[in-house]
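One structure is given here, and the rest of the page talks about it.
Counting starts at 1 for both ligands and their atoms, following the listed order. Nothing fancy with the numbering, it's 1 onward along the sequence. What you see is a predicted model; the values in this text were computed from it and never measured.
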Amino acid sequence: MQIPFLIALVGVLFSVGRASPNTGGVSCTVTASGGDDGPAFVDAVQRCDSVTIPRETTLSIATRMNMTGLKNKNIDLLGTVKFTNNMSYWINNGFPFEFQDQIAFWIVGGQNILINGGGTIDGSGQVWYDAFATNSTLLRPILLTVYQATDFAVKNITMINSPEWFNFVNEGENVVYDGINISAVSTSNNLAKNTDGWDIYRSDSVSIINSNINNGDDCVSLKPNSTNIIASDLYCNGSHGISVGSLGQYAGVYDIVENFTSTNVQMYNAENGARIKAYAGPGVGSGIVKNISYGFFTEGNVDNPLIVDQCYMTNATECAAYPSNVYIQDVAFYNFNGTSSGATKSVVASLACSPDGRCNDISVNNIFLEPPPQDGNATYSCQNVNITGNAAYLFGDCATT
Ligand SMILES: *[C@@H]1O[C@H](CO)[C@@H](O)[C@H](O)[C@H]1NC(C)=O
Ligand SMILES: *[C@@H]1O[C@H](CO)[C@@H](O)[C@H](O)[C@H]1NC(C)=O
Ligand SMILES: *[C@@H]1O[C@H](CO)[C@@H](O)[C@H](O)[C@H]1NC(C)=O
Ligand SMILES: *[C@@H]1O[C@H](CO)[C@@H](O)[C@H](O)[C@H]1NC(C)=O
Ligand SMILES: *[C@@H]1O[C@H](CO)[C@@H](O)[C@H](O)[C@H]1NC(C)=O
Ligand SMILES: *[C@@H]1O[C@H](CO)[C@@H](O)[C@H](O)[C@H]1NC(C)=O
Ligand SMILES: *[C@@H]1O[C@H](CO)[C@@H](O)[C@H](O)[C@H]1NC(C)=O
Ligand SMILES: *[C@@H]1O[C@H](CO)[C@@H](O)[C@H](O)[C@H]1NC(C)=O
Ligand SMILES: *[C@@H]1O[C@H](CO)[C@@H](O)[C@H](O)[C@H]1NC(C)=O
Ligand SMILES: *[C@@H]1O[C@H](CO)[C@@H](O)[C@H](O)[C@H]1NC(C)=O
Ligand SMILES: *[C@@H]1O[C@H](CO)[C@@H](O)[C@H](O)[C@H]1NC(C)=O
Ligand SMILES: *[C@@H]1O[C@H](CO)[C@@H](O)[C@H](O)[C@H]1NC(C)=O
């Protein structure tokens with residue numbers, strides 16, 4: 001059991017991250033002009049093999065940046081790339097993405113690209129957090145969108161105050177994020193909402209490792225068609241957890257999440273720890289969630305430390321009448337410890353599946369989660385699922401061995 005798992009993990013680790021420093025070629029430096037530095041930055045990246053933004057430089061970006069279709073590029077970001085807070089400009093000019101009605105400040109794609117250098121990407125999010133508080137349909141730009149990229153790496157970068165999602169990996173292959181610090185902090189009473197750390201969509205072989213995330217929505221989220229993904233060695237604070245889904249949202253669309261490993265995660269002050277969620281109800285889509293492994297989670301003050309919800313957005317009656325068409329199979333949760341917040345009283349883990357055997361081969365091992373003292377002893381909830389593993393007995397009638 002363990003050895004094939006390790007081989008699979010190593011296989012995935014070696015198959016990603018081929019983006020390598022491109023030595024030689026033309027090197028350029030971009031410095032601040034006092035006006036909009038967007039066009040000069042885009043031009044430099046198109047012309048030069050290696051582009052440096054020096055340490056003391058803050059580039060002010062007032063126009064959208066299209067850096068797709070690149071080949072063999074290094075962006076050495078030692079300084080800062082800061083997007084302006086001109087909301088009307090960005091709402092009308094952000095790159096539109098149909099999926100979940102998103103817009104983007106900056107799209108980067110192509111082959112063999114490395115962004116690193118210890119610098120910062122700043123989304124000037126405060127105006128957006130404040131405006132969203134009174135306009136829930138406000139379009140807000142994604143900070144960094146990796147679009148149609150192969151062998152792409154982002155390493156050693158700080159990202160602050162994105163208006164909405166921080167990172168969107170859309171149609172990527174072999175994409176690595178390593179050593180990323182993310183922080184979305186509102187200075188007003190309006191929260192930094194929907195500031196997901198990463199959203200992965202229609203992408204294969206993506207690794208997110210060695211990173212710190214302090215935000216107000218999913219730490220990492222696997223959207224439809226995410227395969228061979230790693231999210232490991234992460235410290236997440238204030239988030240909605242590491243999430244597979246939501247899946248099966250759109251009628252007629254088939255969603256796949258296959259081969260996902262998430263290990264060594266510290267999760268604090270969060271809505272969820274490890275989560276899988278799929279829509280049920282009339283008129284939903286379909287799909288498969290397969291070969292998912294969540295292990296070595298240490299949690300503190302988390303509402304739902306371990307949760308599968310295959311009846312998302314339905315009550316039990318409706319879920320029974322219209323079960324989810326997203327099947328869930330081969331899921332392992334192991335080595336979980338820490339405490340819940342008490343938001344769900346004594347319940348520390350919940351596995352809620354649709355009827356008719358739509359969750360299969362779910363194992364739980366070495367689960368040591370506790371609610372806060374005032375909520376008594378930990379309890380475990382399950383429905384429509386058979387569970388194996390040394391902690392299966394905690395789930396009462398759902399235990400099969
Ligand atoms: C971005 O630039 C590429 C190459 O110049 C072009 O083909 C593509 O249409 C542009 N994308 C958008 C969304 O404008
Ligand atoms: C914001 O962008 C619009 C164009 O969309 C421009 O006319 C306006 O001058 C900009 N405002 C500022 C403060 O730069
Ligand atoms: C990150 O970047 C900083 C500043 O350039 C550098 O000093 C540091 O060594 C880099 N760290 C890694 C892990 O590459
Ligand atoms: C909310 O923001 C959107 C732009 O994203 C705009 O079209 C809409 O008019 C705004 N709604 C209100 C009530 O201001
Ligand atoms: C991220 O934060 C860690 C811990 O504070 C620090 O060691 C690391 O240098 C930071 N990375 C960047 C890119 O600033
Ligand atoms: C962690 O998240 C909590 C709740 O959102 C917040 O109050 C706290 O400041 C965050 N801690 C850090 C170190 O950012
Ligand atoms: C996911 O991939 C499958 C198989 O290639 C495809 O049929 C389906 O349309 C894709 N779904 C999405 C959301 O792209
Ligand atoms: C998932 O991993 C297995 C085992 O390594 C592999 O055979 C399969 O092709 C992978 N699935 C996808 C969609 O890449
Ligand atoms: C369950 O949801 C359905 C559809 O929204 C609603 O009609 C029904 O009253 C709900 N039942 C309960 C018990 O809440
Ligand atoms: C969880 O386990 C880790 C590693 O074994 C340990 O360092 C940590 O203190 C534990 N946390 C709790 C809250 O028990
Ligand atoms: C659980 O296992 C029993 C015995 O094999 C089977 O009859 C039942 O349908 C299974 N339930 C689910 C929800 O898979
Ligand atoms: C918690 O479990 C312990 C040991 O099984 C038991 O003695 C105690 O009464 C339980 N406490 C509550 C509040 O159920």
Side-chain angles (χ1 to χ4, degrees), residues 1 3-16 53 55 75-81 114-122 129 144 153-161 166-167 172-174 177-193 195 197 200 202-219 222 224-230 233-241 244 254-261 266-273 287-293 299-303 329-332 341 343 361:
M1 191 69 186
I3 287 167
F5 167 73
L6 281 174
I7 290 171
L9 181 60
V10 168
V12 173
L13 283 170
F14 282 125
S15 73
V16 298
I53 295 137
R55 199 173 308 275
I75 298 175
D76 288 323
L77 177 57
L78 306 175
T80 298
V81 167
L114 173 63
I115 301 177
N116 72 351
T120 299
I121 306 171
D122 181 345
Y129 309 149
L144 177 61
V154 185
K155 297 186 176 180
N156 195 17
I157 294 290
T158 296
M159 302 181 178
I160 60 173
N161 295 339
F166 275 87
N167 292 285
E173 190 178 351
N174 294 334
Y177 295 83
D178 182 358
I180 309 300
N181 289 347
I182 283 178
S183 179
V185 177
S186 173
T187 55
S188 71
N189 291 330
N190 303 314
L191 297 176
K193 290 199 175 149
T195 48
I200 305 170
R202 293 182 173 166
S203 294
D204 182 65
S205 298
V206 178
S207 293
I208 298 163
I209 57 174
N210 303 323
S211 294
N212 300 304
I213 301 93
N214 181 42
N215 70 341
D217 209 306
D218 292 337
C219 189
L222 277 63
N225 289 17
S226 295
T227 52
N228 303 305
I229 312 292
I230 292 173
D233 300 290
L234 303 179
Y235 178 97
C236 306
N237 180 59
S239 80
H240 291 183
V244 169
Y254 189 78
D255 296 341
I256 301 170
V257 172
E258 185 173 338
N259 301 341
F260 174 47
T261 300
Q266 294 180 67
M267 184 67 70
Y268 291 99
N269 308 308
E271 190 179 90
N272 308 286
I288 182 84
V289 171
K290 186 177 171 185
N291 194 21
I292 308 297
S293 153
E299 307 195 32
N301 191 32
V302 175
D303 296 348
Q329 68 186 68
D330 298 331
V331 181
S341 66
D361 299 313

- Task: Might you work through the side chain to side chain donor-acceptor pair (under 3.5 Å) test for T227 and D204, ending with a clear yes or no?
- Result: CA-CA 5 Å; T227 52; D204 182 65; 2.6 Å; yes
Would you check the N or O atoms of [X], main chain and side chain alike, for any that come under 3.5 Å of an N or O of ligand 8?
| X | answer |
| --- | --- |
| T227 | no |
| N259 | yes |
| N291 | no |

- Item | Atoms in ligand 6 flagged as close to N214, the criterion being non-hydrogen separation under 4.0 Å | 1 (C), 2 (O), 10 (C), 14 (O)
- Are any of the protein's heavy atoms under 4.0 angstrom from atom 11 (N) of ligand 5, yes or no? yes
- Can you find a protein heavy atom under 4.0 Å from atom 7 (O) of ligand 5? no
- Item | Any donor-acceptor pair under 3.5 Å from S239 side chain to N237 backbone | no
- Query: So which bit of N181 gets within less than 4.0 Å of ligand 5, heavy atoms only: side chain, backbone, both or neither?
  - Reply: side chain
- Item | Location of contacts on I180 toward ligand 5, heavy atoms closer than 4.0 Å | neither
- Which part of I256 is near ligand 8, with near meaning a heavy atom under 4.0 Å away: side chain, backbone, both or neither? neither
- Task: Please report the C-alpha distance between N212 and N181 in whole Å, then the side-chain angles of each, then the deciding distance to 0.1 Å, and finally whether the side chain to side chain donor-acceptor pair (under 3.5 Å) criterion is met.
- Result: CA-CA 5 Å; N212 300 304; N181 289 347; 2.9 Å; yes
Among protein heavy atoms, which lies nearest [atom], and at what distance?
| atom | answer |
| --- | --- |
| atom 4 (C) of ligand 5 | N212 ND2, 4.0 Å |
| atom 3 (C) of ligand 6 | N237 ND2, 3.6 Å |
| atom 13 (C) of ligand 5 | N156 OD1, 3.2 Å |

- Message: Checking side-chain polar atoms at under 3.5 Å, does N228 have a donor or acceptor matched by the opposite partner on S205?
- Response: no
- Query: Under 3.5 Å, is there a donor-acceptor pair linking the side chains of D217 and T195?
  - Reply: no
- Test F260 against every option in V244, V289, N291 by the side chain to side chain contact (heavy atoms under 4.5 Å, CB included) rule and name the one that passes. V244
- Task: For a side chain to side chain contact (heavy atoms under 4.5 Å, CB included) with V257, tell me which candidate from I292, I200, N225 qualifies.
- Result: I292
- Item | V154 to L144 - nearest heavy-atom pair and separation | CG2-CD2, 4.4 Å
- State, to 0.1 Å, how close S183 and F166 come at their nearest heavy-atom pair, and which atoms those are. O-CZ, 3.6 Å
- At a 4.0 Å threshold, what atoms of ligand 5 neighbour a non-hydrogen atom of T158? 12 (C), 13 (C), 14 (O)
